[in-house]
Amino acid sequence: MTERDAHPTAQRDPASGETRGEPEKAHEEAHDEARQDRPHEAEAEAVQENGAEVSTDVTPAGVPEAAIPELVIISGMSGAGRSTAAKCLEDLGWFVVDNLPPALIPTMVELGARSQGNVARIAVVVDVRGRRFFDNLRESLADLDSRSVTRRIVFLESSDDALVRRFESVRRPHPLQGDGRIVDGIAAERELLRELRGDADLVIDTSSLNVHELRAKMDAQFAGEEEPELRATVMSFGFKYGLPVDADLVADMRFLPNPHWVPELRPYTGLNEEVSAYVFNQPGAKEFLDRYAELLRLIATGYRREGKRYVTIAIGCTGGKHRSVAVSEKLAARLAAEGVETVVVHRDMGRE
């Protein structure tokens, strides 16, 4: 998956040295006096980017709160699939702007509010290509929060190995590698994005995903017409294949006896009824499910209160085939019964 470079453009005004007639000057002076008589309206500022001037005045009075568009900020590692995620939202009807300087995000929201409902959902791709603008992101997020803008951050993650392969396959340098190696650019980018990753509402690890699988994940999260209170992904995995980097919570099922050592159960997975029955007939299995579901109810309440809408719960065992699969299925059913929109993913089932 490669990143595409596209820059927002704006029409530039005529050169300031052009001769103007007296009526035009009088009109501008009257306009300035009128603005001074309205102190409750903030002054418009001009932000110059690549020779273009863009208005950055705040949302005008009289625009109803319902007209303020929903906002998704897409960021993450270069090569992790930001452009694919953005294209998916574009196909779902979102207005997408790639590589927008963070300082201009409030301006995009304002323009959407002025569109009289024609631009109800905006997605903005923010990344290290806008190096000198990236420091302005936190200030822009605080500005949006002060205006009660509904915004979410989607962070695309990937392993170093996967990113190196992708950059080498397209024979392009990493945006931050300079005179160094690709791995140097990746390390610098991880450090730069560390805080943003921690603030993300949704983290998607694309290390083992192809383009179609990433689009399916985005569709699952954004295709619905109504936004649920909380969406959960319950993921089974095998510890011998590594921890899922996008997991919010991790539980270890290796305290239960392994069906792998039962000859008649070994060929099957945790989706098999006999394997599931074997797992939950072990001491502590049902108790764990009950108590962990209770703990998740407490956590879910806090997530909703803090505005977090996505959670990935990873359930692990040795190989990700028996115990973790069986427990993930039962746990997902519990969450769904309690009104949490839940998706089950068995990451390592079939890898052995």
Side-chain angles (χ1 to χ4, degrees), residues 156-159 162 202-210 212-221 228 230-297 299-300 303 308 310-352:
L156 281 300
E157 173 68 275
S158 194
S159 67
L202 175 63
V203 177
I204 300 178
D205 178 20
T206 68
S207 302
S208 58
L209 300 181
N210 59 35
H212 305 292
E213 290 169 333
L214 175 55
R215 290 183 65 92
K217 275 185 171 271
M218 292 295 294
D219 284 340
Q221 299 294 345
L230 183 66
R231 283 176 172 164
T233 297
V234 180
M235 176 190 300
S236 69
F237 74 96
F239 278 96
K240 70 178 183 180
Y241 299 114
L243 286 168
V245 298
D246 53 345
D248 296 295
L249 303 167
V250 177
D252 186 354
M253 296 297 102
R254 291 177 295 184
F255 72 93
L256 298 173
N258 193 347
H260 174 80
W261 304 114
V262 181
E264 59 270 26
L265 299 180
R266 181 179 301 176
Y268 301 105
T269 71
L271 298 177
N272 178 271
E273 291 184 4
E274 293 182 3
V275 173
S276 181
Y278 175 86
V279 170
F280 282 98
N281 283 334
Q282 303 303 318
K286 293 179 180 177
E287 291 81 1
F288 168 83
L289 183 63
D290 291 339
R291 295 184 184 184
Y292 198 56
E294 183 178 354
L295 176 63
L296 291 178
R297 281 193 290 271
I299 294 174
Y303 278 167
K308 184 176 177 64
Y310 309 98
V311 59
T312 298
I313 305 163
I315 309 294
C317 63
T318 302
K321 179 180 179 180
H322 296 111
R323 294 164 290 181
S324 62
V325 173
V327 173
S328 293
E329 289 288 331
K330 293 287 188 182
L331 181 61
R334 287 279 188 98
L335 294 175
E338 295 177 6
V340 178
E341 187 172 331
T342 308
V343 176
V344 184
V345 176
H346 301 301
R347 191 192 73 175
D348 299 323
M349 190 173 68
R351 290 186 65 174
E352 74 286 346

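- Here the CD-CG distance, from Glu338 to Leu230, works out to 11.0 Å after rounding to the nearest 0.5 Å.
- Using a 4.5 Å heavy-atom threshold, the side chains of Thr233 and Asp246 count as separate.
- Shown here is Gln282, whose CD atom has more than 12 heavy atoms of other residues, nucleotides or ligands within 6.0 Å.
- For the pair Pro244/Arg347, a side-chain contact is recorded, criterion being any heavy-atom separation below 4.5 Å from C-beta on.
- Looking only at side-chain heavy atoms (C-beta outward), Leu249 and Leu296 come within less than 4.5 Å of each other.
- To the nearest 0.5 angstrom, Ile313 atom CD1 is 5.0 Å from Leu335 atom CG.
- For the pair Leu271 and Val325, the minimum side-chain heavy-atom distance is below 4.5 Å.
- Between the side chain of Thr206 and the backbone N or O of Glu157, at least one donor-acceptor pair lies under 3.5 Å.
- Side-chain atoms of Asn258 and Cys317, non-hydrogen and from C-beta on, never get closer than 4.5 Å to each other.
- One N or O on the side chain of Lys321 and one on the backbone of Arg266 form a donor-acceptor pair closer than 3.5 Å.
- When each of Ser328, Ser324, Ser236 is tested with His346 by the rule side chain to side chain donor-acceptor pair (under 3.5 Å), just one qualifies, namely Ser236.
- Annotation: the span from Ile204 atom CD1 to Glu213 atom CD amounts to 12.0 Å, rounded to 0.5 Å.
- Annotation: cation-pi pair Arg351/Tyr241 present, NZ/CZ under 6.0 Å from the ring centroid and within 45° of its normal.
- Note: Arg323 CZ to Leu256 CG = 7.0 Å, rounded to the nearest 0.5 Å.
- Side-chain contact between Pro259 and Tyr268 is absent, with no heavy atoms from C-beta onward closer than 4.5 Å.
- Between the side chain of Ser207 and the main chain of Ser159, a donor-acceptor pair closer than 3.5 Å is present.
- Remark: the backbone N or O of Phe237 is not paired with any side-chain donor or acceptor of Asp348 at under 3.5 angstrom.
- The structure places NZ of Lys330 at 11.5 Å from CG of Asp290, a figure rounded to the nearest 0.5 Å.
- In this structure, Thr342 and Val234 have side chains that are in contact, with non-hydrogen atoms separated by less than 4.5 Å.
- Considering only heavy atoms from C-beta on, His322 stays 4.5 Å or farther from Leu265 through its side chain.
- Distance CZ/Arg334 to CD/Glu294: 10.5 Å, rounded to 0.5 Å.
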